[in-house]
Amino acid sequence: MYSLGELMKKRTLSFFFLLALLLAGCDSAMPDRAASDASVWAMDTQMDLRLYGDTDGTVMADLIAILNELDHKLSATSADSVLTALNESGRSDDEEIEFLAEQALKLWSQTDGALDITLLPVSRAWGFSTGSYRVVPAAELEALRAQVGMDKLEVSDSTAPSRAELLLSDGAMLDFGALAKGWAAERCKARMEQAKLSGILSLGGNIQTVGTKPDGSDWVVGVQDPDDPGRYVLTLRLTGSKAAVASGDYQRYFMQDGVRYCHILDPKTLSPVQGSLRSVTVVTDSGLRADGLSTALYVLGREAGTELWRKLGDFEAIWIEADGSVWITPGLQDRVAEGAYQVIEA
Ligand code: AMP
Ligand code: MG
């Protein structure tokens with residue numbers, strides 16, 4: 001069973017990929033750099049992969065294996081995932097999970113707590129991992145607070161000679177939903193670079209471009225219209241390896257009494273983010289960072305997000321507001337292929 005939001009997401013991603021195929025179609029004229037495509041269902045979403053020059057299919061098979069491996073490791077809903085074992089026991093010595101937790105701690109401190117990977121008990125209460133959506137009463141949210149907070153997550157110094165270890169206290173439980181697809185994109189990118197292949201990956205809306213298209217032209221990626229995710233508000237030309245990751249209220253949500261409750265939670269209120277922002281897209285070199293920042297920027301809203309961009313300065317962003325206005329950072333100005341926008345002040 002899919003929620004309406006999930007169904008819409010599926011349809012939209014297929015549409016994206018079709019467009020990507022049309023945009024890239026001419027490259028298959030070069031046999032040694034011919035395009036090969038695959039779609040896989042992992043991390044609860046459709047993932048579309050396009051590689052150039054993977055003549056025997058080995059790299060594609062490796063990418064699919066990476067996606068399935070990470071799905072198995074990082075799923076917060078599957079009973080036999082590595083993450084579920086950690087959430088039940090409160091400890092882990094899985095180095096990749098420790099690395100991701102360290103990155104999450106860094107993003108948490110850089111975003112004034114907007115990215116918080118300990119919200120799993122709260123998103124469960126709202127029904128986002130079970131599909132049994134409901135508005136959670138304030139008293140219940142307050143009770144859940146005892147289980148939530150990044151101070152309940154401890155990662156021992158990985159530079160120490162002893163094996164690093166991750167510990168959770170007070171019944172805390174982790175959810176890598178805000179980072180997993182971005183990390184998966186980075187892992188896939190590393191494999192493609194090792195094999196010297198270029199391509200484009202759409203991992204449930206996380207776009208990762210790798211290398212240069214065989215014909216030398218830019219990658220073209222679309223920023224979805226939150227009101228009609230089958231359409232684009234903007235298209236961007238990207239050069240080389242880039243991550244473009246969107247977070248928004250149209251991706252997964254439920255409606256009650258005319259109010260939209262989306263899957264991104266404000267760690268301060270423990271409730272779905274409410275406000276005028278419909279989506280934020282982050283463009284930067286690292287898939288993991290783009291994924292973490294887009295979730296955090298969605299929590300922060302456009303004003304505080306703009307301040308964070310001024311402070312950190314290592315990413316570009318696009319904000320789409322409920323009134324239809326589109327705001328971009330100045331570095332994207334010469335990257336827009338199509339669409340109307342306003343530029344935020346540096
Ligand atoms: P994304 O789609 O990357 O923006 O991530 C949203 C997912 O991350 C949700 O489906 C939750 O699993 C989780 N999540 C929700 N709110 C937060 C938050 N404030 N910080 C970190 N993870 C969150
Ligand atoms: Mg994210």
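Numbering of ligands and ligand atoms starts at 1, following listing order. All heavy atoms count here, side chains included; hydrogens, waters and symmetry mates do not.
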Regarding Glu96 and Arg187, does a basic nitrogen lie under 4.0 Å from an acidic carboxylate oxygen? yes
Side-chain ion pair, Arg134 and Glu140, N-O less than 4.0 Å: yes
State whether Trp327 and Arg302 meet the cation-pi test: NZ (Lys) or CZ (Arg) under 6.0 Å from the six-membered ring centroid, and within 45° of the perpendicular axis. yes
Tell me, please, whether Tyr253 has Arg260 positioned over its six-membered ring: NZ or CZ under 6.0 Å from the ring centre and within 45 degrees of its axis? yes
Parallel, tilted or perpendicular for Tyr261 and Phe254, by the 30°/60° rule? parallel
Asp175 vs Phe128 side-chain heavy atoms within contact, under 4.5 Å: no
N or O contact, [X] vs ligand 1, cut-off under 3.5 Å:
{"X": "Ser294", "value": "no"}
{"X": "Lys181", "value": "no"}
{"X": "Ala114", "value": "yes"}
{"X": "Ala178", "value": "yes"}
{"X": "Leu265", "value": "yes"}

Under 3.5 Å, is there a donor-acceptor pair linking the side chains of Asp48 and Gln46? yes
Can Ile264 and Thr295 be said to form a side-chain contact (heavy atoms from CB on, under 4.5 Å), step by step? CA-CA 7 Å; Ile264 302 175; Thr295 308; 4.0 Å; yes
Distance filter under 4.0 Å to Val299 heavy atoms, resulting ligand 1 atoms: 19 (N)
Show the atoms of ligand 1 that are less than 4.0 angstrom away from any heavy atom in Asp175. 11 (C), 12 (O), 13 (C)
Around the Mg ion (ligand 2), how many protein N, O or S atoms are there at under 2.8 Å? 4
Does anything in residues 59-99 pair up under ring pair (Phe, Tyr, Trp, His ring centres under 6.0 Å), and if so which pairs, sequence neighbours excluded? Phe99-Trp183
Proximal candidate to atom 17 (C) of ligand 1 [heavy atom criterion; set Leu119, Asp291, Asp266]: Leu119
Go through it in stages, so that I can follow the logic: the residues are Ser279 and Tyr298, the test is side-chain contact (heavy atoms from CB on, under 4.5 Å), and I'd like the CA-CA distance, side-chain angles, deciding distance and then a yes or no. CA-CA 7 Å; Ser279 79; Tyr298 187 76; 5.5 Å; no
